[in-house]
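Structure, as structure tokens:
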Amino acid sequence: MNINTFFDRIPLRYWGYLSLSLWGAAILLLSRPDLYNLDEGSAKSLLLAWSIADQVAASVVTFGAPDLRALLFLPVAFLWTGKVFAAKVFTTLLFAFAIWMLYLWSRRNVNAESALVASGLLAVSPLILEQIDTLSSGIYLVIAFAFGAWLNTEYRANPRSGGGWYFSQLLVSAFSVSLHPIGLAYPLALLWSWYKEPLDMKQQKYFFIGVSFISIFTILMLNGWNYVEWFKNPIESLAISIFGSSLGGEMSIVRWTVGWVILAVLVIIVTKQFRNLWSDFTGRTLLIGLTLGVTTSDLAWGIIALSLILYFGTPLLLHSNHVRTDKGFVHHRGLMMLFIIILSTVFMQADRSHYEIRQSGFLPEEDQLIHFLVEKAENIRKANEEDESGKNHNLLRVASQWPSRTMIACKCDTLPLPPAAQDPQAQLDLLHSITHILFNPHQASNTALAKNLSLLGGEIVETIALQPSGVLLHIKNVNKPANLKSNQ
């Protein structure tokens with residue numbers, strides 16, 4: 001048996017498994033191994049899962065209810081408590097499974113060539129790498145949509161009222177809704193499919209009641225989406241989906257131009273493929289998610305837009321290439337090959353930049369503030385260890401605008417920001433036992449708190465670090481009464 005015959009006998013799906021395994025290894029090599037640059041929602045879910053796994057009470061319960069990523073992280077928390085990188089490995093495996101399901105769906109609905117191109121480009125896009133590295137909600141939305149579409153197909157093939165497939169779809173609905181407003185796309189697509197294509201009236205009623213109840217209950221339980229930034233610049237999000245995030249968040253002329261071009265391409269694809277989008281369950285979910293995401297236009301919306309462009313734009317490009325001429329391969333697939341080469345090159349350059357930024361140790365401004373606090377905490381721990389009396393005189397308790405991320409990086413007692421009081425003295429009373437405050441004073445919601453802290457004066461409040469996106473303050477002598485008249 002020669003080597004060529006041996007490789008020919010290997011089923012194609014195993015080559016796919018090997019490719020996804022190599023891709024997963026590359027993603028993990030490019031990801032940050034430290035405890036910074038995390039999504040606040042994921043950080044909160046990780047902390048709660050670790051607390052449950054270790055059966056240790058933690059202040060994370062004061063941060064508010066986390067989204068359902070906490071359930072997803074429980075297996076990792078029991079096996080590797082305190083390991084953020086383990087959550088990244090788990091997320092990478094889940095997304096590899098989602099890519100595989102999206103490939104099978106596209107191959108079934110279009111063809112294998114379009115499915116392979118779209119899945120391959122989505123896998124190497126810099127936005128996917130960033131979302132996995134930060135454990136952001138966008139990556140879990142893609143996973144939920146792909147898995148939910150498969151559940152819908154399986155249930156319709158083997159319908160059973162009140163069975164496991166039914167409750168699995170309810171769980172996926174709750175999970176996706178808890179992540180982001182875009183997550184409403186899955187239950188809405190599910191309700192529409194049962195409205196237009198019911199198997200029978202009894203099951204239709206079950207889905208209407210179950211999906212509606214679980215979606216509304218999830219929103220009310222979590223009190224909405226606390227960590228979603230509304231009405232961001234959609235052009236910036238689309239540019240990041242191609243080039244990745246820039247160091248300082250600047251938008252160059254090239255990024256603006258490419259962002260507008262991607263927006264135009266997105267509109268063209270939605271217009272031309274609207275019927276195919278709405279007639280297919282996965283396409284309908286992406287389209288509803290794209291529409292709902294306009295209210296945020298953040299990176300979660302960007303990943304939905306990129307997925308829609310690749311999976312529904314590639315067939316258009318292949319078709320236009322095919323009908324042009326009946327000559328050789330270059331005429332048939334020349335434009336397609338040029339598209340793949342250019343886009344994959346840009347994607348891999350952006351992935352390389354992400355790795356170089358990681359290697360340089362550069363941190364976003366918010367994480368730089370957290371890093372200053374980590375250094376302070378390390379110095380306090382060393383001082384306490386060197387103290388022969390065995391008493392921890394220097395305790396550190398932090399109030400942070402990003403409490404979950406701060407607690408993970410600092411490994412210290414962390415609480416959410418206190419509410420703004422009526423006057424500085426009342427504010428000082430609320431800061432009892434708080435030694436450090438970490439927040440962004442420029443945000444409208446923090447204006448009153450920032451004013452009270454500034455009126456306390458330098459004898460009580462000391463600025464340790466200042467960044468355009470936030471400040472780290474040290475509260476001195478919090479147990480002593482303040483002489484506010486001299487400060488005012």
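Only a predicted model underlies this, so the values are computations on that prediction, with no experimental measurement involved. Computed from heavy atoms alone, side chains included, the values below leave out hydrogens, waters and symmetry copies.
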Identify which one of Tyr155, Phe213, Trp192 satisfies the ring-ring contact (aromatic ring centres under 6.0 Å, His included) criterion when paired with Phe207.
->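 When Tyr155, Phe213, Trp192 are each tested with Phe207, the ring-ring contact (aromatic ring centres under 6.0 Å, His included) holds only for Tyr155.
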How would you list, by chain and number, every residue that makes a side chain to side chain donor-acceptor pair (under 3.5 Å) with [X], sequence neighbours excluded?
| X | result |
| --- | --- |
| Ser136 | Thr134 |
| His371 | Tyr36, Glu375 |
| Arg32 | Asp34 |
| Ser469 | Glu365 |

Close side-chain approach of [X] to [Y], heavy-atom, < 4.5 Å:
| X | Y | answer |
| --- | --- | --- |
| Thr153 | Phe281 | no |
| Phe347 | Ile128 | no |
| Pro364 | Asn37 | yes |
| Leu286 | Phe312 | yes |
| Trp225 | Trp230 | yes |

For Ser212 and Phe208, indicate whether the former's side chain and the latter's backbone hold a donor-acceptor pair under 3.5 Å.
->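 Yes, because the side chain of Ser212 sits within donor-acceptor range (under 3.5 Å) of the backbone of Phe208.
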Please determine if [X] and [Y] form a salt bridge, counting it only when a charged side-chain N lies under 4.0 Å from a carboxylate O.
| X | Y | answer |
| --- | --- | --- |
| Asp367 | Arg405 | yes |
| Arg108 | Asp280 | no |
| Glu356 | Arg352 | yes |

About how many Å separate OG1 of Thr81 and CH2 of Trp50, when rounded to the nearest 0.5 Å?
->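 That separation rounds to 8.5 Å.
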Pairs of donor and acceptor atoms involving the side chains of residues 117-127, under 3.5 Å and at least two apart or interchain, shall be tabulated with distances.
{"residue": "Ser119", "atom": "OG", "partner": "Ala115", "partner atom": "O", "Å": "2.8"}
{"residue": "Ser119", "atom": "OG", "partner": "Tyr311", "partner atom": "OH", "Å": "2.8"}
{"residue": "Ser125", "atom": "OG", "partner": "Leu122", "partner atom": "O", "Å": "2.8"}

Decide if atom [atom1] of [X] counts as having more than 12 heavy atoms of other residues, nucleotides or ligands within a radius under 6.0 Å.
| X | atom1 | value |
| --- | --- | --- |
| Gln359 | CD | yes |
| Phe217 | CZ | no |
| Trp278 | CH2 | yes |

Set of residues satisfying ring pair (Phe, Tyr, Trp, His ring centres under 6.0 Å) with respect to His180, sequence neighbours excluded |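 Scan of His180 (ring pair (Phe, Tyr, Trp, His ring centres under 6.0 Å), adjacent residues dropped) gives none.
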side-chain contact (heavy atoms from CB on, under 4.5 Å) with Leu184: which of Thr218, Ile288, Val177?
->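 For Leu184, the side-chain contact (heavy atoms from CB on, under 4.5 Å) check succeeds only for Val177.
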Establish, from distance only, whether the side-chain atoms of Gln401 and Glu366 form a donor-acceptor pair under 3.5 Å.
->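 Glu366 and Gln401 do not have a side-chain donor-acceptor pair below 3.5 Å.
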